[in-house]
Amino acid sequence: MVSNAEVAKVLEEFATLLELTGADGFRVNAHHRAARGVEGLTQSLAALAEDKASLTAIDGIGPKLADKLVEIVRTGTLAELETLRVRVPAGLLDILRVPGLGPKSVKAMWDANITNTDALKRAIADGSLLKLPRMGEKAVAKIKDSLAFFDSSATRTHLGKAAAVAHTFVTAISALPGVARIQPAGSLRRGKETIGDIDILVAIADDTTDRDLATRIAARFCSLPGVIHVIAQGSGKSSVLYALEGGLGRWKPTPQVASTKSAELTASFGSQPAAPRQPSIQVDLRILPESSFGSALMYFTGSKEHNVRLRERSLAMGYTLNEWGLFPVSERTVKVSKKAGGFKAKLAPASGSTNKVAGDVIYADSPALPAPLLPPQDRGVKPLASASEEEVFAMLGLPWIPPEAREDRGELNEAGPWDLVTVADIRAELHAHTTASDGLLSILELAEEALRRGFHTIAVTDHSQSSSIAGGLKPDRLRAHIAAVREANSKINGITILAGSEVDILTDGSLDYDDKLLAELDVVVASPHAALSQDPAAATARLLRAISHPRVHIIGHPTGRLLLRRAGLSPDMPRLIAAAKEHDVALEINSHWMRLDLRDTHARAAILAGVKLAINCDDHERSDFDNLQFGVATARRAWATPADCINAWPAEKLHRWLQSKR
DNA sequence: GCCGTTTTCGGCCCGACTGTTTTCAGTCG
């Protein structure tokens, strides 16, 4: 079976290759959009493909793309894609990933027979790259610089690692005088499971008389310990590469891949260190006036697709939206051009008039405008809204939409209010390990930590016997452990300690303890740990069997994936969700940033089907409790409310539900 | 390639920045 993610990947590659061959940009964009749509789909595409009408009902999918989707589901690929793969050298895709190089430049290189990064390095070394159109000294130097860091800069970074980096920057910069507000934006603020680069917004007072303030903030930003390369440094925008630590908590660091650079090329790039460079992440800093903070925050939080929808909505309402604010569209001044000796302004109609763009209007004697254009405020145009996100959304007739929901998945059609689950709503942890297996805390230490964080319930769920590496408990040890949990529970006030187990789901779907022992436990979290490369059919059967077991409360990290590391199982998720509904089993969102499993789109599908979610930290040590924010972010990306999450229920309701399976 | 409170054709979001140019193309988010 072809998964939605695989279909999206095929479409994405097709769009990229189309772009390189110079296809119409809107056609390219339509394919990129379709890929994202498929990726975010909650139903299985393989099932939808039976009926073409259900495909064209998806936003952005027309008749032609529907045919392509059917073809991909049936064959795993596209005939057109295979043709392009033959035509377009694979190495061009590597060149395209170099920062600063887009489809037009790469196409020009292809025409000059530069078809991989090694050839590009040679063309830089022998000066032939300079002969290409629009390739001057500076452009070539920039490409050379980017190439030097290309091998080491990770394309994506785990949410938890990126959040820690952002925290470092926010702490350092918020301490500077004159910083009115500071806030990470981008995919980090949206809680995406992996992060490309980190955006940080800083607001300074509009009426500041300190002309060097922004410059000083940027200077501090670029000189923080850990910054290994400054890409750009200015008073409005700065970008740096920041060194990432290799450690992944209880997962071992990724082994360094040896450089494949040939000796000859190393010689021509001799000024760069030859040893494998440290993995890094790009961090962008934007500095802007406080009066634009709301609209800028929306702009830089994205997603890009969500922003496009907002701007379309703005235009339809007679406004135009940009990072400086929401403006009446009739005031729009777009481009300065000396064509025909005057200034050209593209005017769109005001509200109530025709929806067609009126076209270019030439002003013969417009006063000279400074270049680059000042923000509209400084040209005497007042924004209708800009200081806060709430007021911009309100002007557009929308409730404030949480950042996690800004993915162009229909959020603009929701009436609101958006009362999504928050970290403060979570009052129970139902998946935690002690020193009895591979945890670092005793039962009481674990309970005290949970109490400190305001929880009413903590479940002790050590590993079962098959997880021998993790110190899984044989039945006799488990019975003694249950007794120890009961005793600890009698000694502590203010929190309930439950006796549970994280029971292995064995390869065939059976559980790692017999039914009699399982019945003695207050909480059973059943999780797959081994045989994580099973084929989808076997994985589906395995998990369905565990879900239908009458003693199971929660399926822990259902796919066993490790982000950027291991794909894990690919079961037929719609079937698992239907079974979870039928047997009243909760599906876990494991909050560790290496897992975030269930992923957001599957959790969304579960909620739509009426399946309960459990947001657990899978604690092994104190700091693991801090990962709750990432599990909650994933749940919020699935539009989960407190009612959807059993950890947010009051104690009596939760305990009654757990007891119903005994 | 998609789409329609006027559209089945002609639109498709917006601005900053950079470098290469003498008025603008490419890239990025």
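A quick note: this is a predicted structure, and the numbers were derived from the prediction, not measured. In what follows, chains carry the letters A, B, and so on, assigned in the order in which the sequence lines appear, proteins first and then strands, with residues in each chain numbered from 1. Values reported hereafter were calculated over all heavy atoms of this structure, with side chains retained and with hydrogens, waters and symmetry mates removed.
Once the 5.5 Å centre distance and the 30° plane angle are applied, the aromatic ring of A:Phe26 is found stacked with the base of B:dC12.
Atom CZ of A:Arg74 sits in a sparse spot, with 12 or fewer heavy atoms from other residues, nucleotides or ligands closer than 6.0 Å. No more than 12 heavy atoms of other residues, nucleotides or ligands sit less than 6.0 Å from atom CG of A:Asn113.
Straight-line distance from the CG atom of A:Asp408 to the C1' atom of B:dG29: 16 Å, rounded to whole Å. When the P atom of B:dC14 is taken as reference, atom CZ of A:Phe300 falls 16 Å away, rounded to whole Å. For the pair A:Arg33 CZ and B:dC2 P, the interatomic distance rounds to 10 Å; values are reported in whole Å. One atom, CZ of A:Arg134, and another, P of B:dC24, lie 11 Å apart when rounded to the nearest Å. Spacing between atom CG of A:Leu132 and atom P of B:dA25 amounts to 18 Å, rounded to whole angstrom units. For the pair A:Leu18 CG and B:dC2 P, the computed distance is 12 Å after rounding to whole Å. Between A:Leu201 atom CG and B:dG29 atom C1' the separation is 12 Å, expressed in whole Å. When rounded to the nearest whole Å, the span between CD1 of A:Ile143 and C1' of B:dG19 equals 11 Å.
The nearest heavy atom of DNA chain B to A:Leu321 and to A:Met135 marks one nucleotide each, and the one closer to the 5' end goes with A:Leu321. Of the two residues near DNA chain B, A:Glu323 and A:Asp59, the one whose nearest nucleotide lies more 5' is A:Asp59.
In this structure, A:Pro103 reaches the sugar-phosphate backbone alone: every heavy-atom distance under 4.0 Å involves primed, P, OP1 or OP2 atoms, never a base. Across all strands shown, A:Leu310 has no heavy atoms under 4.0 Å from either base or sugar-phosphate atoms. Among the atoms of the strands shown, only primed sugar atoms or phosphate atoms (P, OP1, OP2) are found under 4.0 Å from some heavy atom of A:Lys138. Residue A:Glu305 is out of contact with every strand shown, counting any heavy-atom pair closer than 4.0 Å.
The only option from A:Arg599, A:Arg409, A:Lys9 that meets the salt bridge (Lys or Arg N to Asp or Glu O under 4.0 Å) definition with A:Glu39 turns out to be A:Arg599.
When the nucleotides B:dG1, B:dC2, B:dC14 are ranked by their closest atom to the side chain of A:Asp24, B:dG1 comes out on top. Side-chain atoms of A:Ser105 lie closest to B:dT27 of the nucleotides B:dT27, B:dG1, B:dT20. Closest approach to the A:Lys304 side chain among B:dG15, B:dC12, B:dG29 is made by B:dG29 (side chain taken as heavy atoms from C-beta onward). Side-chain proximity of A:Lys104 to B:dT27, B:dC2, B:dG19: nearest is B:dT27.
Across all their heavy atoms, A:Gly397 and A:Arg313 have their closest contact at O-NH2, 3.7 Å.
Between A:Phe221 and A:Phe169, the gap from one ring centroid to the other is short of 6.0 Å.
Across the C1' atoms, B:dT20 and B:dA25 are found 9 Å apart, a figure rounded to whole Å. Distance check on atom C1': B:dC17 versus B:dG10 gives 31 Å, rounded to whole Å. B:dT22 and B:dG26 are spaced 14 Å apart, taking the P atom of each and rounding to whole Å. B:dT8 and B:dC2 have their C1' atoms separated by 12 Å, given to the nearest Å. Between B:dT27 and B:dT21, the distance separating the two P atoms is 15 Å to the nearest Å.
A salt bridge links A:Arg33 with A:Asp59: the distance from a Lys NZ or Arg NE/NH1/NH2 to an Asp or Glu carboxylate oxygen falls below 4.0 Å.
The partner of B:dG1 is B:dC12, by the rule that a Watson-Crick or G-U pair needs both atom distances under 3.5 Å.
Checking the phosphate oxygens (OP1, OP2) of B:dG1, a side-chain nitrogen or oxygen of A:Lys68 falls inside 4.0 Å. Considering only side-chain N and O atoms, A:Trp324 lies nowhere under 4.0 angstrom from the phosphate OP1 or OP2 of B:dC14.
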